Every structure is written in C-alpha cells, then in structure tokens.
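Some notes on the structure that comes next.
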Protein chains: 2
Amino acid sequence: MTDVDQADRFARAREAQSVALIEDYVEMIGDLIAELGEARVADIAERMGVAQPTATKAVSRLKREGFATSRPYRGVFLTEEGAALAERVRARHRTVVALLRAVGVPEEVAELDAEGIEHHVSEQTLKAFERFLQGK
Amino acid sequence: MTDVDQADRFARAREAQSVALIEDYVEMIGDLIAELGEARVADIAERMGVAQPTATKAVSRLKREGFATSRPYRGVFLTEEGAALAERVRARHRTVVALLRAVGVPEEVAELDAEGIEHHVSEQTLKAFERFLQGK
DNA sequence: GATGATGTATAGCCTATGCTATATTTAAAT
DNA sequence: ATTTAAATATAGCATAGGCTATACATCATC
Ligand SMILES: [Mn+2]
Ligand SMILES: [Mn+2]
Ligand SMILES: [Mn+2]
Ligand SMILES: [Mn+2]
C-alpha cells in the first residue's frame with residue numbers, strides 16, 4: 001500500500017469523525033421530537049451528557065449546516081434534510097446493532113459499541129451487513 | 001433506556017475518539033520502524049496525510065502520554081508501553097478487517113472502514129469477532 | 001570545511017468541542 | 001401584576017488538532 005492510499009484512509013476516518021457528532025445530535029433530536037413532541041436544548045444537553053451551552057453551540061452548527069431550525073428561547077426542529085438524515089442514521093444504527101448481535105456480541109455491548117462504529121460504516125458495508133442478516 | 005445511559009454511551013464514543021488518533025499514530029510509527037528501521041517526523045506526516053508540524057505536535061502528545069520518546073532533530077521511538085499498544089492495535093485492526101470480509105464486505109472497503117471502526121470495538125466485541133471467525 | 005538541500009522545530013493562526021459563570025428571557029406561582 | 005423559578009443565550013476560557021510561514025539544525029556534496 002502506498003503512503004498516499006493510507007493517508008487517504010486516515011483522512012476519510014477524520015472526515016467521518018467530524019460528521020459523527022452531527023449525526024448523533026440529529027438522530028437524538030428526532031427521538032426527542034417523537035417522544036416528547038419537541039426538543040428543548042436542556043433535554044438535548046442531558047441526553048448527550050454535555051453542558052447546556054455545549055448543546056446550544058451544537059444546535060448552532062446544525063442550523064448553520066441546514067439540518068435544524070430554531071428561534072431564541074424556543075425548541076429545536078429538524079429541517080427536511082435533518083429529518084432525512086435522522087432516518088438514515090437511525091436505520092444504520094439498527095443494522096449495525098443487528099450485525100453485531102448476529103456474530104455473537106451481547107446486546108448491551110452491541111449497543112455501546114454501535115454508537116461509535118456506526119459512523120464509520122460505509123454504504124457498501126451497510127449493504128453487505130443487510131445481505132448477511134437476510135441470508136441467515 | 002434512561003438519559004444517563006445514553007449519555008454514558010455518547011461519552012464513551014467521545015473518549016474512544018480521543019484515543020483513536022493516538023492509536024493510529026502509534027501503530028503507524030511501529031510500521032515505519034519495522035519497515036525502515038526508524039520513524040522520522042517527515043515520514044509520519046506523509047503517511048498520516050498531515051503537515052509536518054501537525055505530526056510534530058502529535059509526537060509531543062505521544063511523548064507526554066508515555067507512548068514514545070524522541071530527541072530534537074532525531075527519529076521517534078516507541079516506549080515499551082507504546083510498542084505494546086501498537087501490537088494490540090495492529091491485531092485488532094486485522095480482526096476487524098477479517099470480520100468484515102467474513103460477512104461479505106469487499107476487501108478494499110473493509111480496509112477503508114476498518115480504519116475508523118477499529119477504535120470503537122471493545123474487548124468483548126473483539127472476542128466475539130474472534131469466536132465467530134473461528135467457528136466458520 | 002563551507003555551502004546548499006533537507007529535515008525539524010517554533011510561532012502564530014483557525015475551527016471544533018468542551019467547560020463555568022452570568023445575563024437574559026420565558027414561564028409559573030402567589 | 002409581581003415575584004420567583006427555570007430555561008436559554010452569551011461571554012470567556014481551555015484543549016485538541018489542523019494549517020502556513022519561517023527559523024534552526026543536520027547532513028551531503030564539493
Ligand atoms: Mn453514534
Ligand atoms: Mn446512534
Ligand atoms: Mn484507525
Ligand atoms: Mn488501523
């Protein structure tokens with residue numbers, strides 16, 4: 001393998017990382033809206049396990065990147081794009097957990113590890129996981 | 001699932017991320033030493049796909065955390081702890097690639113995704129992967 | 001051994017993601 | 001309607017990880 005190839009891999013992993021937080025926030029805001037009818041910054045912060053100003057800042061980024069909207073002192077909403085991303089991320093999360101379970105990982109551990117793994121599973125790998133799960 | 005549980009998961013994923021760069025650097029420095037007899041900052045930078053000062057800064061962190069040693073204008077060396085980490089990381093990387101291949105992921109894609117996934121695979125999941133691979 | 005090329009370190013900058021402390025707004029209670 | 005409590009925003013700080021430009025050291029070459 002050439003140095004450039006490997007450098008590309010690392011660059012890809014770095015990029016995935018930068019997207020990971022967005023994905024987790026968007027998915028989780030979707031959960032809150034589904035469960036409680038709205039997503040308040042305080043709830044977002046509590047579920048993410050971060051301080052409230054950290055959540056506020058994250059929401060700013062989601063807005064800047066077009067995944068969410070909000071007005072001062074009001075709840076947070078997902079744009080169409082945000083809702084679509086949340087759906088994709090949620091489905092992928094489920095598939096990753098199912099794959100881990102299928103190869104013998106205990107449920108608790110599968111859920112734990114999936115939270116990180118999911119962000120590095122490409123479309124191709126996801127498809128392979130789905131085929132594998134069906135063929136069982 | 002309680003909010004605290006989920007918050008813990010996210011916290012764990014964040015922690016894994018913070019360790020990920022260290023793991024990649026240490027593994028790669030080990031590769032360089034094995035291949036070239038030494039690891040120079042310039043080579044580290046090239047393989048990581050980052051600028052040279054970025055690699056220098058990373059090496060500083062490795063030293064600070066006890067995984068590497070170096071003297072100004074000389075190569076970088078792994079401590080015992082660093083070499084042990086490199087070995088663990090390399091083995092885990094291989095296992096993750098093997099598991100992906102075993103469930104039908106093409107080799108190229110497996111290598112690409114593994115570079116990110118590996119850092120979120122717990123000991124328990126790794127053991128499950130190994131059992132699954134043996135039982136085939 | 002002087003010189004030029006190469007490698008490394010340092011300075012200074014940026015963005016992302018955390019935090020605490022505090023101001024401000026909204027909502028609830030009296 | 002006030003007052004109080006709760007939620008949110010903002011200010012200011014820290015660390016990690018990027019970058020470019022530049023100073024400095026080492027190594028070859030002549
Ligand atoms: Mn996640
Ligand atoms: Mn998830
Ligand atoms: Mn990696
Ligand atoms: Mn690796």
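Keep in mind the model is a prediction, meaning the values are calculated, not measured. Sequence lines set the chain letters: A, B, ... in the order given, protein chains first and strands last, and positions in each chain run from 1.
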Note to self: Contact between B:Glu111 and A:Met1 at the side-chain level, heavy atoms closer than 4.5 Å - yes or no?
What the structure shows: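 Side-chain contact under 4.5 Å: no.
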Notebook entry, point to check: Does A:Ile44 reach the side chain of A:Met28, with side-chain heavy atoms less than 4.5 Å apart?
Noted result: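 They are in side-chain contact.
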Separation of [X] atom [atom1] from [N] atom [atom2], in whole Å?
X       : N      : atom1 : atom2 : result
A:Lys63 : D:dA9  : NZ    : P     : 7 Å
A:Ile22 : C:dT15 : CD1   : P     : 16 Å
B:Phe10 : C:dT17 : CZ    : P     : 14 Å
B:Gln17 : C:dA16 : CD    : P     : 16 Å
A:Arg14 : D:dA16 : CZ    : C1'   : 13 Å
A:Tyr73 : C:dA28 : OH    : P     : 16 Å
A:Glu65 : C:dT15 : CD    : C1'   : 12 Å
A:Arg61 : D:dA9  : CZ    : P     : 18 Å

Notebook entry, point to check: Hey, does the side chain of B:Thr54 come within less than 4.0 Å of D:dG18's phosphate (OP1/OP2), counting only N and O?
Noted result: no
Next item on the list: Give a yes/no answer on whether the side chain of B:Thr56 brings an N or O atom under 4.0 Å of OP1 or OP2 in C:dA9.
Entry: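 Checking C:dA9 against B:Thr56, a side-chain N or O does come within under 4.0 Å of OP1 or OP2.
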Check: More 5' along DNA chain D: B:Gly49 or A:Lys57, using each one's nearest nucleotide?
Finding: A:Lys57
Checklist line | First of B:Arg74 and B:Arg64 reached from the 5' end of DNA chain D, by closest nucleotide | finding: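 Here B:Arg64 is the residue nearer the 5' end.
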Margin query: Counting neighbours of CD on B:Glu35 that are heavy atoms of other residues, nucleotides or ligands and sit closer than 6.0 Å, is the number greater than 12?
Written below: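 Buried by this count: over 12 neighbours within 6.0 Å.
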Notebook entry, point to check: Is B:Glu23 salt-bridged to B:Arg88, going by a charged N under 4.0 Å from an acidic O?
Noted result: no
Item checked: From B:Val76, B:Leu85, B:Ile29, residue fulfilling side-chain contact (heavy atoms from CB on, under 4.5 Å) relative to B:Leu62 ->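 Considering B:Val76, B:Leu85, B:Ile29, a side-chain contact (heavy atoms from CB on, under 4.5 Å) with B:Leu62 is found only for B:Ile29.
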From the set [options], return the single nucleotide nearest to any side-chain atom of [X].
X       : options               : answer
A:Pro72 : C:dC19, C:dA9, D:dA9  : D:dA9
B:Arg40 : C:dG18, D:dG18, C:dT8 : C:dT8
A:Ala51 : D:dA9, C:dT20, C:dG18 : C:dT20

Note to self: Need one value for A:Ala42: base, sugar-phosphate or nothing, where a base atom within 4.0 Å counts as base even if backbone is also close, heavy atoms only.
What the structure shows: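 If one applies the 4.0 Å heavy-atom cut-off, A:Ala42 turns out to touch the sugar-phosphate alone, with no base involved.
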Check: Has the side chain of A:Gln52 got a donor or acceptor atom sitting under 3.5 Å from an opposite partner on the base of D:dA9?
Finding: yes
